[in-house]
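Proteins come first, then strands; the chains are lettered A, B, ... in the order of their sequence lines, and each starts at number 1. These numbers come from a predicted model, not from an experiment. Because only heavy atoms are used, hydrogens play no part in the values below, and waters and symmetry mates are left out as well, while side chains stay in.
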2 protein chains.
Amino acid sequence: MSKCEQCIVREFSSLKALNKEELVKLAECKTSRLVKKGEVIFEEGENVNGIFCVKDGVCKLTKLSQNGKDHIVKLVTKGELLGQRSMISEEPVNLSAVALEDMQVCFIPKSEIMGFFDKNNQFSMNVMRTICGDLKEADSQMVNMAQKTVKERLAETLLYLQDTFGKNEDDSLKIQLSRDELASMIGTATESCIRLLSDFNKLGLIELKGKKIILKDIPKLKKMS
Amino acid sequence: MSKCEQCIVREFSSLKALNKEELVKLAECKTSRLVKKGEVIFEEGENVNGIFCVKDGVCKLTKLSQNGKDHIVKLVTKGELLGQRSMISEEPVNLSAVALEDMQVCFIPKSEIMGFFDKNNQFSMNVMRTICGDLKEADSQMVNMAQKTVKERLAETLLYLQDTFGKNEDDSLKIQLSRDELASMIGTATESCIRLLSDFNKLGLIELKGKKIILKDIPKLKKMS
DNA sequence: GTATTTATATGACATATATCATATTTTAAG
DNA sequence: CTTAAAATATGATATATGTCATATAAATAC
């Protein structure tokens, strides 16, 4: 069983507040798991009873809307935690988590985490700050969905994807989303998303190489987002 | 200076975890304030450095979108707290708070609250749960904005307003929002909102008496939300 | 009480976006 | 390699929603 001390998750998440002793306990109770691209980590409505550490890979958090379409609420990448909200609220998860790439995740049972809350104030504050950050982001996204056009949201999302996940050697977005997923992130029909990508392509804002997307005119994309 | 012990906010908010001693300290450091309808409690970008207890009245939390329109993110009513996220994140507030009715609020400086976080674990957990609830709600609203039609959002919002704030003796919604505010809650143009209200009226779903709104067919409204 | 401003209402029209159909390309299966 | 399935692309069209104009009603100021 690998140690948690050097783990990337510890470096970037609320867990950075844990001391050596706590990390040893963590390493003892955690279970590791490989998740293949497309595999479900947990599903809306499930009782998860713990949190996941994302050691490697990226997943999408989705919510099923009444019209039957999935909406991507957030992407979670290596170094981050999953399932904190549900654990704290003591409720089933309100979002599904599905791997966008092969992933390495660790599961930490609730009992262990709750102990940290009691004894480690810095850890509590870290978790609180993370969730506050998520809330701020969610509020902002809500307003975007309500007030921006699909075109603006597409431009914004493309920039976000490059900023957050970077690009390959050929300058294409490192994170690989299908048109369908991109559409469900910006909240539109797949065809509309594809059509707008074509438009952006013709306008020289982006370049499409198969399903790869290369951002060509970032200033213009920023201006229109 | 009034005591906090019997305050409605204490009864319903995270503050219920405070003991007698803590409540006495609270009563000593708090400042009370009357806020007139339409008055601003704080504005997006401000440093608030504490939290507000809503002792009476209702306010809207709004966010200015890039197109210059305000979007109503949430309504906050008596018994609830304001400004927790910003205080925890140690950032300026990301939303503005404006009174929808005359209000009574108390301000508690950050220093005092942070002390509770250190010493009272139950209080911390309560705050965390509140924010987790807000986050869940925000995610859900985000998906609504992205996937539902304006008509569906209007129906849903009318039901929410009646559920949350109740109705007058004449069955009209107790909370009085202008058409403009209603529109900025559902995320649409004022004219579209007015038009849909007219449609709902003609269909017998609601009744319009001046600017008062009476819900007539709740099952149908539910079905279409 | 009258005038002025503001909110509500409705029509006409423009535009963004969804939907349905179908072609083409890519990926997966046998 | 060949075939079937899935993803991407594009056209045609319908529909929802925004915008601008204007009318009426209500609230506020004087």
Seminar exercise, completed: Here the salt bridge (Lys or Arg N to Asp or Glu O under 4.0 Å) pairs for residues 150-165 of chain A, sequence neighbours left out, are A:Lys148-A:Glu156
Seminar exercise, completed: Interatomic distance, CZ@A:Arg129 vs CZ@B:Arg85, rounded to 0.5 Å, equals 11.5 Å
Exercise. To the nearest Å, how far apart are B:Asn201 CG and C:dT8 C1'?
Worked result: 13 Å
Exercise. What's the spacing between B:Leu221 CG and B:Lys223 NZ if we round to 0.5 Å?
Worked result: 11.0 Å
Problem set entry | d(CG, B:Leu197; P, C:dT10) in whole Å | 10 Å
Exercise. Of all residues at least two apart in sequence or in a different chain, which pass the ring-ring contact (aromatic ring centres under 6.0 Å, His included) check with A:Phe200?
Worked result: none
Exercise. 5' to 3' on DNA chain D, which nucleotides open and close the contacts with chain A (atom under 4.0 Å from a heavy atom)?
Worked result: D:dA7 to D:dA12
Exercise. Does B:Gln162 have any side chain to side chain contact (heavy atoms under 4.5 Å, CB included) partners at least two apart in sequence or in another chain, and if so, which?
Worked result: B:Lys167, B:Leu173, B:Leu215, B:Ile218
Side chains of residues 131-143 of chain B: which donor-acceptor partners sit under 3.5 Å, not counting sequence neighbours?
| residue | atom | partner | partner atom | Å |
| --- | --- | --- | --- | --- |
| B:Lys136 | NZ | A:Glu91 | OE1 | 3.1 |
| B:Gln141 | OE1 | B:Asn144 | ND2 | 3.2 |

For this session: May I have the distance from A:Arg179 (atom CZ) to C:dT26 (atom C1'), rounded to whole angstrom?
Result: 12 Å
Problem set entry | Sequence neighbours excluded - salt bridge (Lys or Arg N to Asp or Glu O under 4.0 Å) pairs with any residue from residues 183-195 of chain A | none
Problem set entry | d(NZ, B:Lys211; C1', C:dA9) in whole Å | 12 Å
For this session: Taking side chain to side chain contact (heavy atoms under 4.5 Å, CB included) as the test, write out the residues that go with A:Ile214, two or more places apart.
Result: A:Asp171, A:Ser172, A:Glu207, A:Lys209, A:Lys216
Exercise. Using rotation axes that map the C1' atoms of four end pairs onto the next four (five pairs an end), what angle separates the end axes of the helix from C:dG1-D:dC30 to C:dG30-D:dC1, to 10°?
Worked result: 50°
Problem set entry | side chain to side chain contact (heavy atoms under 4.5 Å, CB included) against B:Ser96, all qualifying residues, sequence neighbours excluded | B:Glu43, B:Glu44, B:Thr62
Exercise. So, B:Asn67 and B:Ser65: side-chain donor and acceptor under 3.5 Å apart, yes or no?
Worked result: yes
Problem set entry | Spacing between B:Glu181 atom CD and C:dA7 atom P, to the nearest angstrom | 10 Å
Exercise. Which ones in residues 213-225 of chain A lie close to DNA chain D, meaning a heavy atom under 4.0 Å from one of its atoms?
Worked result: none
For this session: Calculate the interatomic distance between B:Phe200 atom CZ and C:dT8 atom P; express it in whole Å.
Result: 17 Å
Problem set entry | B:Ile194 CD1 - C:dA7 C1' separation (whole Å) | 7 Å
Exercise. Who pairs with B:Glu181 by salt bridge (charged side-chain N to carboxylate O under 4.0 Å, His left out), at least two apart in sequence or on another chain?
Worked result: B:Lys60
For this session: Answer yes or no: does atom NZ of B:Lys220 have more than 12 heavy-atom neighbours from other residues, nucleotides or ligands under 6.0 Å?
Result: no
Pairs: protein N or O with nucleotides 16-19 of chain C N or O, under 3.5 Å:
| residue | atom | partner | partner atom | Å |
| --- | --- | --- | --- | --- |
| C:dT17 | OP1 | A:Val150 | N | 2.8 |
| C:dA18 | OP1 | A:Thr188 | OG1 | 3.4 |
| C:dA18 | OP2 | A:Thr188 | OG1 | 2.4 |
| C:dA18 | OP2 | A:Ala189 | N | 3.3 |
| C:dA18 | OP2 | A:Ser192 | OG | 2.6 |
| C:dT19 | O4 | A:Arg195 | NH2 | 3.0 |

Exercise. Does B:Lys37 pair with B:Asp102 as a salt bridge, N-O distance under 4.0 Å?
Worked result: no
Exercise. Is the phosphate of C:dT8, meaning OP1 or OP2, less than 4.0 Å from a side-chain N or O of B:Thr190?
Worked result: no
